[in-house]
Amino acid sequence: MKKLIIVLGVIYSTFSFGQDTLPSIEKDTTQLDEVILITQRKLSNYRQEKTLSSIDDYLEKSNRITMIKRGNYAWEPTLSNMTSERLNVTIDGMQIFGACTDKMDPITSYVDVSNLKKVTIASGQEGTENGHCVGGAIDLQLPESKYYDFGLKSSIDLGYETNGNYRTAGLDVEYSGNTFYLNADGIFRKSDNYDAGGNQEVLYSQFQKYNISLQGGYKLSENHQLDANIIYDKATDVGYPALPMDVSLAEALITSLTHTYKSDSTFIKNWESKLYFNTITHIMDDSQRPDVPIRMDMPGWSDTYGFYSKVKIEENKHNLLFNLNGFYNRSLAEMTMYPNDSNQPLMFMYTWPDIRTLYSGIYAKDIYALSETTILSASARFGFQNNTIGEQVGLESLQIFYPELTDSKNRFLMGVSGDYQLKKDNYDFAFGLGYGERAPSVSEGYGFFLFNSFDNFDYIGNPYLNNEKSIETNIKFNYYLKNFKVGIESSYFYIMDYIIGEIDPTLSPMTIGATGVKIYTGIEHASIFDVYLNTSYNFSKTISFNGTIGYNYGQGSNDEPLPIIKPFSYLAEVAYSTSKFNAALQLEGNGNQTRFSSFYGEDETPAYGVLNLNLGNVVNLKSNKLVFKYGVENLLDTFYSTYADWNNIPRQGRNFYVNASFVIR
């Protein structure tokens, strides 16, 4: 049964940065990408965590993902040291775009663990199955159809955390028959301001949200089925201590209708076609802040209509995947300023001038089995994108800086990659190459005086930006010796026309107190490198050790370090696990961030280390199950910030938590 129970952490399989199954290779190594599972109600012996973690907590367990925190809610994922503009973040393959110009509503904030089965993480061009990217992809995958003759099942989840008086409650009800199933679930989360180490209250860090989802399906025949999904997510009273504004409303409706054909006896093994629609409303305001230079409202809206049709074919040693997809998105954001003098008129402008994006593209991948232990794979994506400025006033505003600007821009995008994978009894090896392109985001291309509190500059988009282009290589090697495993993984990206803001000294900022104005431009190139060493050892069937150390590097052709690059990092965990009880002690931290970029608003971040203690019990009650997870996060009450904490906001201090999940079969 689906549900929000445990962090099952990151599964490291044979390695590739891809997303498919190995044809004719051992079944226990078929998953090639990095996967975070969210569905099983059981105790895990890897990266033990509380059962009712947010999706942000789950994602942060990955080596390659770091969450940028602007508050206690809606963290922005980065992958391979690249922020969301360079990533392709989807929900079950559906394109969704946030409605906030300050990135206070990443796509991950509009789902909950109660909606999901797993999260698939793919680096670089192996992440282009659902769209173009440079850094990679994060796909938040919904559960599959479930047709069983077992009738009704349900579960109840409750959680409490002392730091921030954080409360969580969830309910799931599922009916399944031979030809019909229906699943409904809801979860509610509420937190007051949290305390950093030393009991220092972090103001404006409160939030409240609830998420409701409904999933149903009907089996038309043995090979054909229809599925419908609806997710409604609403957050209110969300504080952002690292920003000058908070959020009064973040609301999303996500819907889809899917037809699936499956057959083991035909040339086409699986054909999945989906129609989807989603709409997002996001409202920033500063009405709860006691002292601001001028009151502002900043609402934003994003509507997306889309489709995809994916076909999987198996022929001899070939495992083929084709995906034809397209979407239409409308992004609109505005700002109204209310002068302190009521006799002065209101000031209004479009910060996103109704940008309408139309995209269509095709993806193809072939996994070819050279032998029982060796495979080659190759993939390619080609697409066409059109951006149109729908608001005439917004067009005229941008024409102040670009007099010859027209309301429409066409772009052609492409990406190709190849991988070689070898698996032996005591080692495995993978090597990949790729080339990819991405179009500028709405903010990068068409943003109008977007304030960035990280470097204290207003930003103006550049519709004439070139496509950002990347050449990448990745490698991974694992060695196994009885109960011991050691592995190394590394990737390198050489990015041309790297899009970033550059100061224009001739312009004056719109925001009161801003240092100046930056215009998005493409520097000649940038380099991003990372390497991780992973080890694990099973002392016995119940006691294990896991450890990881990592190093990351980023540099631009302007001789400036790139921003938001992870410093030296480490993780060590000792875990004890049986079928009824587990315990884990974790030490995780970063080294001193010495390669910070003051040019982009960064400063030096001190080193830190944090201890966490996590425990869990399972109690079987006849056919039902009661699962407890409890523990202490930041055991020593360390006061710290990481390199990814916006404006150095401190993270949580000591936090005691307890989660209980009752599964009724």
Side-chain angles (χ1 to χ4, degrees), residues 16-23 30-33 35 87-97 107 117-142 144-145 224-225 227 229 254 256-263 266-278 304-315 318-329 357-368 377-385 411-419 432 434-439:
S16 158
F17 298 176
Q19 299 185 350
D20 300 275
T21 56
L22 288 171
T30 55
Q31 190 66 50
L32 301 180
D33 52 353
V35 176
L87 308 180
N88 184 30
V89 183
T90 53
I91 297 177
D92 214 35
M94 297 181 288
Q95 296 290 336
I96 301 178
F97 300 90
I107 303 312
K117 176 188 177 183
K118 64 181 179 180
V119 179
T120 303
I121 303 164
S123 179
Q125 293 309 296
E126 284 298 331
T128 58
E129 178 180 329
N130 298 312
H132 295 277
C133 62
V134 168
I138 301 171
D139 189 29
L140 309 162
Q141 297 183 9
L142 304 176
E144 302 104 337
S145 307
H224 295 269
Q225 62 191 48
D227 296 275
N229 282 275
I254 302 167
S256 66
L257 179 66
T258 308
H259 171 264
T260 305
Y261 166 81
K262 294 182 180 180
S263 175
T266 60
F267 177 69
I268 296 177
K269 301 301 180 183
N270 185 288
W271 191 340
E272 179 183 300
S273 299
K274 185 189 298 283
L275 294 173
Y276 62 87
F277 165 73
N278 54 77
T304 306
Y305 304 81
F307 77 95
Y308 69 71
S309 188
K310 298 182 181 181
V311 178
K312 293 183 179 180
I313 298 171
E314 294 180 14
E315 178 67 19
H318 294 274
N319 195 327
L320 299 165
L321 170 65
F322 298 95
N323 180 11
L324 176 67
N325 67 327
F327 67 85
Y328 172 81
N329 170 259
T357 302
L358 180 64
Y359 172 85
S360 60
I362 187 168
Y363 172 85
K365 183 164 187 175
D366 182 15
I367 301 177
Y368 180 73
S377 64
S379 67
R381 170 169 281 278
F382 300 95
F384 173 81
Q385 177 172 309
R411 295 178 184 272
F412 177 76
L413 301 166
M414 65 173 294
V416 294
S417 69
D419 289 275
Y435 169 83
E437 302 172 351
R438 66 130 181 147

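Since the structure is predicted, the reported quantities are computational estimates derived from the model, not experimental observations.
For Asp419 (side chain) and Ser377 (main-chain N/O), no donor-acceptor pair under 3.5 Å exists by modelled atom type. Looking only at distances, a side-chain donor or acceptor of Asn323 sits under 3.5 Å from a matching main-chain atom of Glu129. One N or O on the side chain of Arg381 and one on the backbone of Thr128 form a donor-acceptor pair closer than 3.5 Å. Remark: side-chain polar atoms of Asp139 are paired, donor with acceptor, to backbone N or O of Asp92 under 3.5 angstrom.
The minimum heavy-atom distance linking Leu324 with Gly361 is given by the pair CD1-O, 3.5 Å. Of all non-hydrogen atoms in Ala380 and Val416, the two that sit nearest each other are CB-CG1, 3.9 Å. The heavy-atom pair separating His132 from Met414 by the smallest distance is CE1-N, 3.8 Å. Pairing each heavy atom of Glu437 with each of Phe412, the nearest pair is OE1-O, 3.6 Å.
Lys269 pairs by the salt bridge (charged side-chain N to carboxylate O under 4.0 Å, His left out) definition with nothing, not counting sequence neighbours. Residues satisfying the ring pair (Phe, Tyr, Trp, His ring centres under 6.0 Å) criterion with Phe277, sequence neighbours excluded, are Tyr305. Checked against ring pair (Phe, Tyr, Trp, His ring centres under 6.0 Å), His259 has the following partners two or more places apart in sequence or in another chain: His224. When the side-chain hydrogen bond (donor to acceptor under 3.5 Å, both in side chains) test is applied to Ser360, no partner is found at least two apart in sequence or on another chain. For Ile313, the side-chain contact (heavy atoms from CB on, under 4.5 Å) test picks out Phe267, Ile268, Val311, Leu320, Phe322, with sequence neighbours left out. Residues passing the side-chain contact (heavy atoms from CB on, under 4.5 Å) test with Phe327 are Gln95, Phe97, Tyr276, Thr304, Asn329, Thr357, Tyr359, sequence neighbours excluded. Residues meeting the side-chain contact (heavy atoms from CB on, under 4.5 Å) test with Ser417, sequence neighbours left out: Gln125, Glu126, Ser379. In this structure Ile107 satisfies the side-chain contact (heavy atoms from CB on, under 4.5 Å) test together with Val89, Ile91, Ile96, sequence neighbours excluded. Under the rule for a side-chain hydrogen bond (donor to acceptor under 3.5 Å, both in side chains), Glu314 has no partner lying at least two apart in sequence or in another chain. The side-chain hydrogen bond (donor to acceptor under 3.5 Å, both in side chains) search around Thr258 returns Lys274, not counting sequence neighbours. Partners of Glu144 under the salt bridge (charged side-chain N to carboxylate O under 4.0 Å, His left out) rule, at least two apart in sequence or in another chain, are Lys117. With sequence neighbours excluded, the residues satisfying salt bridge (charged side-chain N to carboxylate O under 4.0 Å, His left out) with Arg438 are Glu444, Glu468.
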Going through the distances and angles, do Tyr363 and Lys310 end up as a side chain to side chain contact (heavy atoms under 4.5 Å, CB included)?
CA-CA 9 Å; Tyr363 172 85; Lys310 298 182 181 181; over 6 Å; no
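Expressed to the nearest 0.5 Å, how far OG of Ser309 lies from CD1 of Ile362 amounts to 10.0 Å. A distance of 10.5 Å separates OG1 in Thr120 from CD1 in Ile138, rounded to the nearest 0.5 Å. To the nearest 0.5 angstrom, Leu257 atom CG is 8.5 Å from Asp227 atom CG.
Two residues are said to be in side-chain contact when any heavy atoms from C-beta on lie closer than 4.5 Å; Thr260 and Asn270 meet this criterion.
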